[in-house]
Asker: 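Below are the C-alpha cells for one structure; questions will follow.
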Amino acid sequence: MTVLDSRRSGSDPGFIVRMKDAITLYLRQLTTWAFIGSVILASLSGILASALYLSGGNNYMKKWVPDQVVFNVLVTFSSLVATFRTAHALRNFVDAGSYLHKLSASWFDATSSLIAFCRHSEQPAEQIDQFIQTLVRLVSLMNALSLDSLQGTGNGIGDKYIHHFELLSPEELDSDTQDRVLESQSKVEYAFQMTQQLVVDAIQAKIIMIPAPIVVVSFQDLAAALQTYHEAKKVAAVKLPVSYIFVTLIIQITIGTITPCFIVTYVQGATSAFMYSFGGVFLLGFLNAVADSLHNPFYKGSRTLDAESVQRELNHQLEQLLQQARQDSPKYVSQEVRVSKSVSNRSTFRNWTGIASLNGASTEVLQQKVSERRLTTRA
C-alpha cells in the first residue's frame with residue numbers, strides 16, 4: 001500500500017497525530033486570558049440582561065433605549081474597529097513569521113559559504129577547525145540573542161512565558177568572549193561585530209583564500225541577517241497607540257452595557273436574554289482580545305510562533321555543516337562511460353531512500369538505509 005492509498009483508506013497514522021495536535025492547540029486557547037476575559041465580560045452582560053428581564057425591563061426599557069438604528073450603527077462601528085485591529089494583528093503575525101525564518105536562513109547562508117571557502121586553505125587543519133568551530137558557535141549565539149531580544153526578555157516577563165533557546169556549546173568559547181557578550185548592552189550587535197572580526201582575521205591568516213569579490217557575499221549575508229533582525233524589532237517593539245487601545249476598551253464596555261438593554265425588549269425569557277447578550281458581547285470581546293494578544297508574535301505568551309523550534313533547526317543545520325566541512329565532494333559514478341550526458345534513470349526521493357514516510361522515520365532507520373546502499377554499491 002502506498003502512502004496515497006493509506007491516506008485514502010483513512011489509516012494514515014500521521015493524520016491522527018495531526019488531529020490530536022490540533023485539538024490540543026484549540027483546547028489550550030481556552031486557558032488564555034483573552035478567552036477568560038471575554039467570557040467574564042460576556043457573562044456580566046448576560047446576567048445584566050437576565051436581571052433586567054426578570055425585573056420587567058422588557059416593558060419599561062422601551063421608554064429608555066433609543067431607536068434600533070442607533071444600536072445598529074454602534075454595533076457596525078464596533079465591528080469595524082475590531083476588524084481593523086484584527087487585520088493589524090494578523091499582518092504583524094505574518095511579517096513576524098517571515099522574519100523568523102529569514103533571519104535563520106541568512107545566518108546559515110553566511111556560515112555555509114564561509115566554511116566552504118576554507119576547503120582549499122593551506123593552513124594547518126587545527127587552525128581551520130578552530131575558525132569553523134568558533135564561527136558555528138557564534139552564529140548559534142547570535143540567532144538565539146536575536147530571538148531572545150525580540151520576545152522582550154527583561155521587561156518583567158515571567159519565566160514560564162518566555163522562550164528558552166538552545167545554544168551550541170557556548171561554554172567552549174573563551175571566557176573573555178562570554179563575559180564581554182553578557183556584559184554588553186547591545187548583545188546582538190556585539191556578537192555580530194565579533195563574528196565579522198573573526199572572519200577578517202581568518203582572511204588575514206589565509207584560512208580563507210578566496211578572491212575578495214566572492215568573500216564579500218558572506219559579509220552581505222551577515223548584514224542581511226542583522227537588517228532582518230532590526231526589521232523584526234519593528235513588529236516586536238512598535239505597538240498600537242495607547243489612546244487607540246483605550247478607545248477600543250471603552251467601546252467594548254459600552255457594548256457590554258447597552259446590549260442587554262436592547263436585548264430585553266426583543267426576547268421572551270430570561271434565558272434567551274442571557275444567551276443573546278452573552279453571544280454578541282463575547283464574539284466582539286474575544287476578537288479584540290485575540291488581536292491584543294498578538295501585539296508581539298515573538299512572545300511565547302501569545303502562543304503563535306514557535307521560535308524555539310527554529311533555533312533548534314538552525315543548530316541542527318550548523319552541526320551538519322561541521323560534519324560536511326571535511327567530507328569529499330560528490331562524484332558521478334557509473335559502470336560505463338556514456339556518450340550522451342543525459343540522465344538515464346529518474347526516481348522519486350522516497351523511492352530512492354526506500355522509506356514510504358520520511359516524517360515518521362527515525363535517524364537510525366535512515367542511517368541503516370544509507371549503510372545498505374553503500375554495501376550494495378561496493379558489491
Side-chain angles (χ1 to χ4, degrees), residues 26 29-97 234-299 301-304:
Y26 294 148
Q29 298 301 317
L30 302 180
T31 62
T32 60
W33 71 265
F35 180 83
I36 296 175
S38 302
V39 169
I40 293 175
L41 179 61
S43 298
L44 293 175
S45 179
I47 292 173
L48 177 59
S50 299
L52 287 175
Y53 183 86
L54 294 175
S55 64
N58 56 330
N59 296 320
Y60 65 80
M61 287 303 299
K62 294 180 180 180
K63 302 177 182 179
W64 294 94
V65 297
D67 190 78
Q68 183 180 358
V69 177
V70 178
F71 180 70
N72 293 339
V73 171
L74 178 61
V75 172
T76 302
F77 174 73
S78 304
S79 302
L80 291 176
V81 172
T83 301
F84 170 78
R85 193 172 183 189
T86 304
H88 177 269
L90 290 177
R91 184 171 61 252
N92 280 356
F93 171 75
V94 173
D95 291 343
K234 175 187 67 176
V235 176
V238 180
K239 302 178 178 61
L240 285 173
V242 178
S243 56
Y244 183 84
I245 298 176
F246 180 74
V247 167
T248 57
L249 178 61
I250 294 300
I251 291 175
Q252 291 183 62
I253 296 176
T254 303
I255 290 293
T257 305
I258 295 180
T259 299
C261 300
F262 276 90
I263 290 296
V264 295
T265 62
Y266 293 97
V267 298
Q268 301 297 323
T271 302
S272 58
F274 177 88
M275 296 301 297
Y276 283 116
S277 182
F278 177 90
V281 175
F282 171 78
L283 291 176
L284 184 61
F286 188 55
L287 191 62
N288 277 282
V290 169
D292 186 63
S293 67
L294 292 175
H295 68 282
N296 182 6
F298 298 102
Y299 170 52
S302 63
R303 302 187 181 186
T304 51

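Sequential numbering from 1 along the given sequence is applied to the chain's residues.
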Asker: Distance check, rounded to the nearest 0.5 Å: Thr271 atom OG1 versus Tyr276 atom OH?
Answerer: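 Output value for this atom pair is 11.5 Å.
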Asker: With a 4.5 Å cut-off on side-chain heavy atoms, are Ser45 and Thr257 touching?
Answerer: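 They are not in side-chain contact.
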Asker: Provide the full list of salt bridge (charged side-chain N to carboxylate O under 4.0 Å, His left out) pairs with a residue in residues 71-89, sequence neighbours left out, each pair given once.
Answerer: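 Counting only pairs at least two positions apart or across chains, the salt bridge (charged side-chain N to carboxylate O under 4.0 Å, His left out) contacts touching residues 71-89 are Arg85-Asp292.
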Asker: Pairs under 3.5 angstrom only: tabulate donor-acceptor contacts from the side chains of residues 282-289 to other protein residues two or more places apart or in another chain.
Answerer:
from	atom 1	to	atom 2	distance (Å)
Asn288	ND2	Leu284	O	3.0

Asker: Kindly state each residue pair satisfying side-chain hydrogen bond (donor to acceptor under 3.5 Å, both in side chains) with at least one member in residues 74-84, sequence neighbours excluded.
Answerer: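 Sorted result for residues 74-84: empty, none.
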Asker: Say you draw a straight line from CD1 of Ile263 to CD1 of Ile258; how long is it, rounded to the nearest 0.5 Å?
Answerer: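 With rounding to 0.5 Å, CD1 (Ile263) is 12.5 Å from CD1 (Ile258).
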Asker: Would you tabulate the side-chain donor-acceptor contacts of residues 47-55 under 3.5 Å, counting partners in other chains and residues two or more places apart, or write 'none'?
Answerer:
from	atom 1	to	atom 2	distance (Å)
Ser50	OG	Gly46	O	3.2
Ser50	OG	Ala270	O	3.0
Tyr53	OH	Gln268	O	3.1
Tyr53	OH	Gly269	N	3.4
Ser55	OG	Ala51	O	3.0
Ser55	OG	Leu52	O	2.9
Ser55	OG	Tyr60	OH	3.1

Asker: Count the heavy atoms of every other residue, nucleotide or ligand shown that sit under 6.0 Å from OH of Tyr244, and state whether that count exceeds 12.
Answerer: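 Count over threshold, so yes.
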Asker: Can you pull the salt bridge (charged side-chain N to carboxylate O under 4.0 Å, His left out) pairs that have at least one residue in residues 254-272, sequence neighbours excluded?
Answerer: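 Sorted pair list comes back empty.
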Asker: Checking Ser272 side chain against Val267 main chain: does a donor-acceptor pair fall under 3.5 Å?
Answerer: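 Side chain of Ser272 to backbone of Val267, a donor-acceptor pair under 3.5 Å: no, none is there.
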Asker: Does the pair Val281 and Leu41 meet the rule for a side-chain contact (heavy atoms from CB on, under 4.5 Å), with working shown?
Answerer: CA-CA 7 Å; Val281 175; Leu41 179 61; 4.0 Å; yes
Asker: Just verifying a value: how many Å separate Leu44 CG and Ser277 OG, rounded to the nearest 0.5 Å?
Answerer: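 Answer rounded to 0.5 Å: 10.0 Å.
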Asker: Heavy atoms only: give me the nearest Ser43-Phe274 pair and the separation to one decimal.
Answerer: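 Nearest pair, atom of Ser43 first, then Phe274: O-CE1, 3.8 Å.
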Asker: Looking at every non-hydrogen atom in both residues, tell me the closest pair between Leu74 and Thr254 and how far apart they are.
Answerer: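 The pair with the smallest heavy-atom distance is CD2-CG2, 4.3 Å.
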Asker: Would you name the heavy atoms of Phe278 and Val39 that are closest together and state the gap between them?
Answerer: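 Smallest heavy-atom distance, with atoms named: CE1-O, 3.8 Å.
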Asker: My understanding is that only residues two or more places apart in sequence, or in another chain, count here; which of them pass side chain to side chain donor-acceptor pair (under 3.5 Å) with Thr259?
Answerer: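 For Thr259 there are no side chain to side chain donor-acceptor pair (under 3.5 Å) partners, ignoring immediate neighbours.
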Asker: Mind checking the OG1-CD spacing from Thr265 to Gln68? Nearest 0.5 Å is all I need.
Answerer: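 So the OG1 of Thr265 and the CD of Gln68 are separated by 8.0 Å.
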Asker: Pick out which of Val247, Ile251, Ile253, Ile245 makes a side-chain contact (heavy atoms from CB on, under 4.5 Å) with Leu249.
Answerer: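 That would be Ile253.
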